Asks: 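I have a structure I would like to understand better, so I am pasting it below and will then ask my questions one at a time.
Hydrogens, waters and symmetry mates play no part in the numbers below; they use all other heavy atoms, side chains included. Note that the coordinates shown come from a computational prediction; the quantities given were computed from them, not determined experimentally. Here is the naming used below: chain letters follow the sequence lines, and residue numbers restart at 1 for every chain.
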Amino acid sequence: MNGVLLLIAIALLLGLFGLAAFFWALRSGQFDDLDGAALRVLIDEEQKKRADP
Amino acid sequence: MNAPRPLAAGETLAETSFAVPSIRCAGCISKLEDGLPLNPGIAGARVNFTAKRVTVIHDPSLDMPHLREAFQKLGFEAQPVDAAVAGDDSESRALLRAMAVAGFAAMNIMLLSVSIWSGAEGTTRELFHWLSALIALPTIAYSARVFFKSAWNALRNRRTNMDVPISIGVLLTAGMSLYETATGGPHAYFDGAVMLLFFLLTGRWLDSVMRDRARDGVAALLKQAATGALVLKKDGSTEWRAAQDLAPNMWMIVAAGERLAADGVVEQGTTTFDFSLLTGESAPQPIGPGDTVHAGTLNVGAPVTVRVMRAGPDTALADIARMMDTATQSRSRYVRIADRAARLYAPAVHTLAALSFVGWMLLGAGLHQSLLVAAAVLIITCPCALGLAVPAAQIVAVGALMREGVLVKDGSALERLAEADRAVFDKTGTLTLGRPEPIDLDELGAEQKSVLLGLARASRHPLSQALRRCLEQQGISAEQVSDIIEVPGFGLTGNTACGIASISRADGDKGTELACSFRLGDLPPAIIRFRDRLRPEAAATLSALNAFGLESSILSGDRAQAVTPIAAELGVPARTDLTPGGKLDAIKQLAGQGAKVLMIGDGLNDGPALAAGHVSMAPASASDAGQNAADAVWMGDSLAPVGKAIKAGRRTMHVVRQNFAFAIGYNAIAVPLAIMGRVTPLIAALAMSGSSIIVIGNALRLRSAAR
């Protein structure tokens, strides 16, 4: 029974952690430009460094 | 990766948003974000690819023409975005947060419920019920506020909507379940209540996202070309002023290809003006000193100086805007199908729940048992399928249309598109492209063409731009032309390997047609004429509309001799020489006869008619007023998207009706069970998620609706 209590507490905390992470991501603008984020991985960082010293 | 780039410290910087519709790939993002800060005065740039928008952080002293020039140097066309038009998505945000909380709670309560269903008893069950209550009650308090608020508003105005049974159901269920938990009873419906919230919030959020996305798309198209003018000051210097800062008796310098920001009188220079957006007249009119010109019209000739007579709300545009305002009111009376269903559904649900409560009381079941049954009836009949069926189908269809280049502003537009039974077209800019296209290019040799392209692309004159567009489409590569001189109002000259090349005004009188003369070396000069062509697939679209049962006609502000050939070619009746008010009356007359009119137009003169039509569409090349008044905007030259939109609208309504039929069938089975008191939390959970998934699955079939 004690084991179950501990597991439930851990499960709920993990869930809450996920929810908090989602809220943080939402607030910091990570969902503002979903299509753009998908394209930004294609931008060559090397080229960027040369472009602005 | 998503953090804004660091700024130069110390100074206060201004932020301006631009719509840049031509951002298409990762290359464009890096080109803009790396290239713009290389300009002096620009500290940083941030691209939002989804909204096709760039936020520039710059020195406040940098004015609009300089900023736009910075974009032009990189090869992008940028238009400043009004903060008001850009809008905010706070409603979607709030719904998304509520949905996330409800989803989290539903998952965790379900976790506990599964163990109860699989046989947990005694203290374990009690503990799990208490834990469920601990999660569910704050969730309901947070996530269900949307429904409570809307239900309260409806009740206060003595109406009822879909949110009333939802609110009562959720509150009653939560209350009963809490009582059960406190008394150690076997059935708590916390899982059902929270899951219901989750599904309903998903529906609401989808609906809200759809509206945001379409609004952003339309905002990105708004040209706002006339948001200001270059004002000539007394000391001879010039200054860029926004349209609202213009005042009578200022002098504006209007370059070729620019739209006027205010009404005025030409003081210096002669040119031709394109009035088509204001009057529908396709042929540009010659304008000289002393002539009156109106805001929103396009200068297609040489630069002129215009003295402002009336600015802002006093312009000729304002009359049209007022007419549009009153015309829009008729449309706001339209009731969406989900609300029409709710009007029937909500009272039925309330009566059913009340009757089963009274019935069980009469049978002597006791208050507790009777309330439990009534709560089960409300939970089971709660309009999951209704709340999700319509937005799910509409967002899938709107997404499909967006991929085909049609931006639909909201779900109700889709419903009204499906109902349309008459199509009324404007001519200039709607059935035709609304821009001059060269028609004599094939008489030129290959070498002449490539020199012409090299020369034409150096100028921003509308005719040069038309030549460039057409030649580039033919795949011509440009010849090197050096020492290009442009004399405004007269033409271009430049040096090439085969001698001096020039484009100049055609002197020979060819009626009202636009023409220019091209000369290369010793070759005889070629006259290139320009004409406004029909949009591609115009005839095919009209016959497709006919097949859908929509009869078409033309309402034009242009003269009869310009409209008749087009009406004859397409085989549709036409009315000509109509003022904006005349078009509005014609639409009202049709509506009075019971027709549901689909109005398709682009100009300012179509604005009132677009607002008055049962549903309306405008091309992306339309005036801002036209795009704002229209329910849907389509991209590209072809007219085919009009037919596609009608088809998608009808298919969507077909799926929505299927979903309704399914929801009724589901209720016919589940409600008797609930009334008999046979619905356990397990059955409620299965029924609810099952029906929602089926409804969404059915909606996903619309992904190819626009093809």
Side-chain angles (χ1 to χ4, degrees), chain A, chain B residues 1-5 23-38 44-55 89 92-94 96-97 99-112 115 120 122-124 127-128 130-132 134-135 139 142 209 213 216:
Chain A
M1 191 65 199
N2 281 339
V4 172
L5 278 181
L6 189 69
L7 284 176
I8 289 171
I10 291 174
L12 282 181
L13 278 179
L14 281 176
L16 271 179
F17 176 74
L19 189 66
F22 176 71
F23 270 47
W24 168 79
L26 199 61
R27 190 160 308 165
S28 65
Q30 300 201 18
F31 288 87
D32 284 356
D33 184 14
L34 290 175
D35 298 347
L39 287 175
R40 275 169 201 276
V41 291
L42 301 174
I43 298 174
D44 202 350
E45 289 289 331
E46 285 296 314
Q47 201 183 339
K48 218 169 175 173
K49 265 174 209 143
R50 258 182 277 134
D52 50 357
Chain B
M1 184 173 237
N2 271 292
R5 124 206 318 276
I23 305 180
R24 289 220 175 76
C25 60
C28 305
I29 298 180
S30 63
K31 213 160 141 191
L32 282 168
E33 292 192 346
D34 299 335
L36 284 174
L38 297 180
R46 179 75 202 161
V47 175
N48 185 331
F49 185 83
T50 319
K52 302 266 190 276
R53 205 166 287 169
V54 181
T55 307
D89 48 0
S92 306
R93 284 292 171 86
L96 183 58
R97 273 197 293 271
M99 185 184 116
V101 170
F104 157 80
M107 273 191 291
N108 284 287
I109 297 174
M110 204 47 78
L111 203 73
L112 299 166
S115 40
T123 34
T124 319
L127 172 73
F128 282 8
W130 275 116
L131 276 173
S132 302
L134 199 70
I135 304 170
T139 304
Y142 179 76
V209 163
R213 225 199 300 172
D216 281 352

Asks: Give, as side chain, backbone, both or neither, the part of Leu131(B) having an atom under 4.5 angstrom from any heavy atom of chain A.
Replies: side chain
Asks: Is there side-chain contact between Val4(A) and Thr124(B), with at least one heavy-atom pair below 4.5 Å?
Replies: no
Asks: For Leu19(A), which atoms come within 4.5 Å of any heavy atom of chain B: side chain, backbone, both, or neither?
Replies: side chain
Asks: Do Leu42(A) and Ile29(B) have side chains that get closer than 4.5 Å, going by heavy atoms?
Replies: no
Asks: In Å, rounded to the nearest 0.5 Å, how long is the span from CG of Leu112(B) to CG of Leu12(A)?
Replies: 7.0 Å
Asks: Counting only non-hydrogen atoms closer than 4.5 Å, does Asn108(B) touch chain A with its backbone (N, CA, C, O), its side chain (CB onward), both, or neither?
Replies: side chain
Asks: For Leu16(A), is it the side chain, the backbone, both, or neither that has a heavy atom closer than 4.5 Å to a heavy atom of chain B?
Replies: both
Asks: I need the minimum non-hydrogen distance between Ala100(B) and Phe22(A), along with the two atoms involved.
Replies: CB-CE2, 3.5 Å
Asks: Does the pair Leu127(B) and Leu5(A) meet the rule for a side chain to side chain contact (heavy atoms under 4.5 Å, CB included), with working shown?
Replies: CA-CA 10 Å; Leu127(B) 172 73; Leu5(A) 278 181; 3.6 Å; yes
Asks: What is the minimum heavy-atom distance between Asp33(A) and Phe49(B), and which atoms define it?
Replies: OD2-N, 2.8 Å
Asks: Ignoring hydrogens, what is the shortest heavy-atom contact between Leu26(A) and Arg97(B)? Give both atom names and the distance.
Replies: CD2-CG, 3.7 Å
